[in-house]
Amino acid sequence: MVNYDYYTYKVTWSREDEEFVGLCAEFPSLSFLDKNRNTALEGITDLVKDVVADMGANDETIPEPF
């Protein structure tokens with residue numbers, strides 16, 4: 001199984017949402033919003049962890065880290 005810690009994460013400020021947005025380059029359709037920057041990073045990391053586990057359980061192809 002792919003280690004979700006090896007993915008490329010970033011946190012940026014969204015003026016539109018007035019919150020930080022956690023993103024993962026390997027999963028461009030996923031994001032996580034929060035007022036706290038650290039929580040946004042933690043949120044996107046946990047979300048990717050759950051998606052990777054779900055994909056693995058369903059025998060789907062999991063993206064390799066960049």
Side-chain angles (χ1 to χ4, degrees):
M1 171 146 336
V2 174
N3 186 334
Y4 66 92
D5 282 328
Y6 297 159
Y7 286 125
T8 307
Y9 297 98
K10 89 173 180 180
V11 176
T12 187
W13 178 254
S14 170
R15 287 185 194 191
E16 181 181 328
D17 298 308
E18 295 186 358
E19 291 186 298
F20 289 98
V21 183
L23 303 166
C24 180
E26 291 84 352
F27 291 90
S29 64
L30 299 180
S31 64
F32 190 92
L33 292 166
D34 198 90
K35 296 280 186 195
N36 181 287
R37 187 170 116 193
N38 292 332
T39 304
L41 178 58
E42 196 174 300
I44 189 63
T45 304
D46 289 344
L47 180 58
V48 168
K49 177 183 175 183
D50 292 344
V51 168
V52 167
D54 188 54
M55 291 176 77
N58 291 305
D59 294 322
E60 296 179 49
T61 302
I62 301 170
E64 290 292 323
F66 290 143

Exercise for review: Measure across Val21 and Leu23 and return the closest heavy-atom pair with its distance rounded to 0.1 Å.
Suggested key: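 Distance-wise, the nearest heavy atoms are CG1-CD2, 3.6 Å.
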Point to revise | Within-4.5 Å side-chain heavy-atom neighbours: Leu30 and Ile44 | key: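 Touching, per the 4.5 Å side-chain cut-off.
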Practice item. Locate the shortest heavy-atom distance separating Phe20 from Asn36; write the atom from each residue and the value. Key: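 Closest pair (atom of Phe20, atom of Asn36, distance): CD1-C, 3.8 Å.
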Practice item. For Lys49 and Asp5, indicate whether the former's side chain and the latter's backbone hold a donor-acceptor pair under 3.5 Å. Key: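 Answer holds: no.
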Review point. What is the distance from atom CZ of Phe66 to atom SG of Cys24, rounded to the nearest 0.5 Å?
Key: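 Taking CZ in Phe66 and SG in Cys24, the distance rounds to 8.0 Å.
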Review point. Does Asp54 reach the main-chain N or O of Asp50 with its side chain, forming a donor-acceptor pair under 3.5 Å?
Key: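 A pair under 3.5 Å: no.
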Review point. In Å and rounded to the nearest 0.5 Å, what is the CH2 to CZ distance from Trp13 to Arg37?
Key: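 Rounded to the nearest 0.5 Å, the CH2-CZ separation comes out at 11.5 Å.
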Check your understanding: So do Val52 and Phe27 actually touch side chain to side chain, heavy atoms under 4.5 Å?
Key ->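 Contact flag for Phe27/Val52 side chains = yes.
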**Study point:** Distance-minimising heavy-atom pair for Asp34 and Glu19
**Key:**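 Minimum heavy-atom separation between Asp34 and Glu19: O-CB, 3.5 Å.
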Review point. So which heavy atom on Glu26 is nearest to which on Pro63, and how close?
Key: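 Taking Glu26 first and Pro63 second, the nearest heavy atoms are O-CG, 4.0 Å.
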**Study point:** Non-hydrogen atoms of Leu47 and Ser31 that approach each other most closely
**Key:**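 Minimum heavy-atom contact is CD2-O, 3.7 Å.
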Point to revise | Atom pair CD1/OH of Ile62 and Tyr7 - distance to nearest 0.5 Å | key: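 Answer for the CD1-OH pair, Ile62 versus Tyr7, is 6.0 Å.
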Practice item. Identify the two heavy atoms, one from Val2 and one from Glu64, that lie closest to each other, and give their separation to 0.1 Å. Key: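 Residues Val2 and Glu64, closest heavy atoms: CG2-OE2, 3.8 Å.
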Review point. Are Tyr9 and Val48 side-chain neighbours, meaning at least one heavy-atom pair lies under 4.5 Å?
Key: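 Of all side-chain heavy-atom pairs linking Val48 with Tyr9, at least one is under 4.5 Å.
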